Amino acid sequence: MRALVIEDERRLAENIARGLQQGGGFAVDIALDGEEGLYSAEAAVYDVIVLDLMLPKLAGEEVLKRLRERGSSCPVLVLTAKEDKNHLVFVLNAGADDYLAKPFDTGELVARAKTIIRRSKGHSASRLVLDTLVLDFSARSVHRSSKALNLTPMEYRVIEYLFLRMGTVVSKSELLEHLYDFNWEKFSNVVEVFISGLRRKIDGENDVKLLHTHRGHGYSLRLPADHGHFDS
Ligand code: CA
C-alpha cells in the first residue's frame, strides 16, 4: 500500500515514513507543505494520506477541504497539536477519517492508518478470509489451511493489496503504484516474480486455486469461476 505524509517538520515526517515502511510495509512519499501535499495527493494514487494541520503555504484544513471538493475519497488521518475539541469536530466533518493528537506513538499511527484503509475498502474485520486462505492485518501473517506461509515482505505487500481488492482484477500498473513510490515504472518486470512466488506458496498443490493471472489485464485473488461460491 502507498501512503502520502504531508508534514512540514522534516524529522517527524521521516519518522512517520519509517514507521509506515517498517511497521506497515507501505511505500511512502513525503510532502513538506500544504501546496506540495495537495499537488502530490492529486498526482498519484494513495491508499492513505497522513495530514498535519499546521502547514506552511496551505493549511491542512484547506488541503482536506479541496481534496474532498474535488471528489477524492482517499482516507485521511489528521495529525493535530490542537486540543480544542470543537476544532476536531470541524476537521472530522470536513472529511477526515480519523485523527491523532501530537505527540503520538508511531505504532498507533500505523495501526490507525491500516484500519481506515481497510474500512475504506469495505472490510471492517482485521482478518480477511477467502476459502482456506486467511490474512491477519495485525500480525501481518497469511495462513492457508491453518498452515503459516513464509512470505517475503514484498510478497506480503502484494497479497495484502490483492486481498483488499478481493474478487477484482488488479492491473500490474495499479499494483506497482500501490507498492512503490514515484519510481514505480522501473519495477514493472518484478511483479511476475512476486506473483509466481506467491502462487507457489499460496496455491501450491492445493486443488482450489485462489491467485489468478488474467493475461494482459492483471491479477486477482478469488475463488475459481467453477467453484460456485463466487458470483462475478
Ligand atoms: Ca506542522
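All figures in this text were calculated on a predicted structure; none of them were measured in a lab.
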S.K.: How far does CG of Leu53 sit from CG of Leu79, to the nearest 0.5 angstrom?
M.R.: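 These two atoms lie 7.5 Å from each other.
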S.K.: Can any side-chain N or O of His178 pair as donor or acceptor with the backbone N or O of Asp47 at less than 3.5 Å?
M.R.: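 No; zero donor-acceptor contacts below 3.5 Å.
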S.K.: Just one of Leu58, Leu64, Leu55 clears the side chain to side chain contact (heavy atoms under 4.5 Å, CB included) bar with Leu38, so which one?
M.R.: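 Among Leu58, Leu64, Leu55, the one meeting side chain to side chain contact (heavy atoms under 4.5 Å, CB included) with Leu38 is Leu58.
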S.K.: Are Asp97 and Arg68 close enough for a salt bridge, meaning some N to O gap below 4.0 Å?
M.R.: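 Counted as a salt bridge, because a side-chain N and a carboxylate O are separated by less than 4.0 Å.
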S.K.: If only atom types and distance count, is the side chain of Arg10 paired as donor or acceptor with the main-chain N or O of Leu32 below 3.5 Å?
M.R.: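 No.
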S.K.: Atom CZ in Arg11, atom CZ in Arg18: separation rounded to 0.5 Å?
M.R.: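 Going from CZ on Arg11 over to CZ on Arg18, the span is 9.0 Å.
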S.K.: Looking at side-chain heavy atoms only, is the closest gap between Val142 and Glu155 below 4.5 Å?
M.R.: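 Sidechains of Glu155 and Val142: no contact.
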S.K.: With a 4.0 Å cut-off on N to O distance, would you call Glu69 and Arg66 a salt bridge?
M.R.: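 Salt bridge absent between Glu69 and Arg66.
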S.K.: Starting at CD of Gln21, measure out to CD of Glu14 and round the result to the nearest 0.5 Å.
M.R.: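 The CD atom of Gln21 sits 10.0 Å away from the CD atom of Glu14.
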S.K.: With hydrophobic residues grouped by side-chain heavy-atom distances under 4.5 Å, do Leu211 and Met154 end up in a single group?
M.R.: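 Yes; Met154 is reachable from Leu211 via cluster members.
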S.K.: Output yes when Asp8 and Lys57 qualify as a salt bridge under the 4.0 Å nitrogen-oxygen rule, no when they do not.
M.R.: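 So Asp8 does not pair with Lys57 through a salt bridge.
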S.K.: Are the side chains of Lys102 and Met54 in contact, using a 4.5 Å heavy-atom criterion?
M.R.: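 Counting from C-beta outward, Met54 and Lys102 never come under 4.5 Å.
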S.K.: What's the shortest heavy-atom distance between Ala3 and Leu20, and which atoms?
M.R.: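 Scanning both residues completely, I find the closest heavy atoms to be CB-CD1, 4.0 Å.
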S.K.: Is there a side-chain contact between Val208 and Thr132, using heavy atoms and a 4.5 Å cut-off?
M.R.: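 Counting from C-beta outward, Val208 and Thr132 never come under 4.5 Å.
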S.K.: If you measure from CG on Leu100 to CZ on Arg112, what distance do you get to the nearest 0.5 Å?
M.R.: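 Going from the CG atom of Leu100 to the CZ atom of Arg112 covers 4.5 Å.
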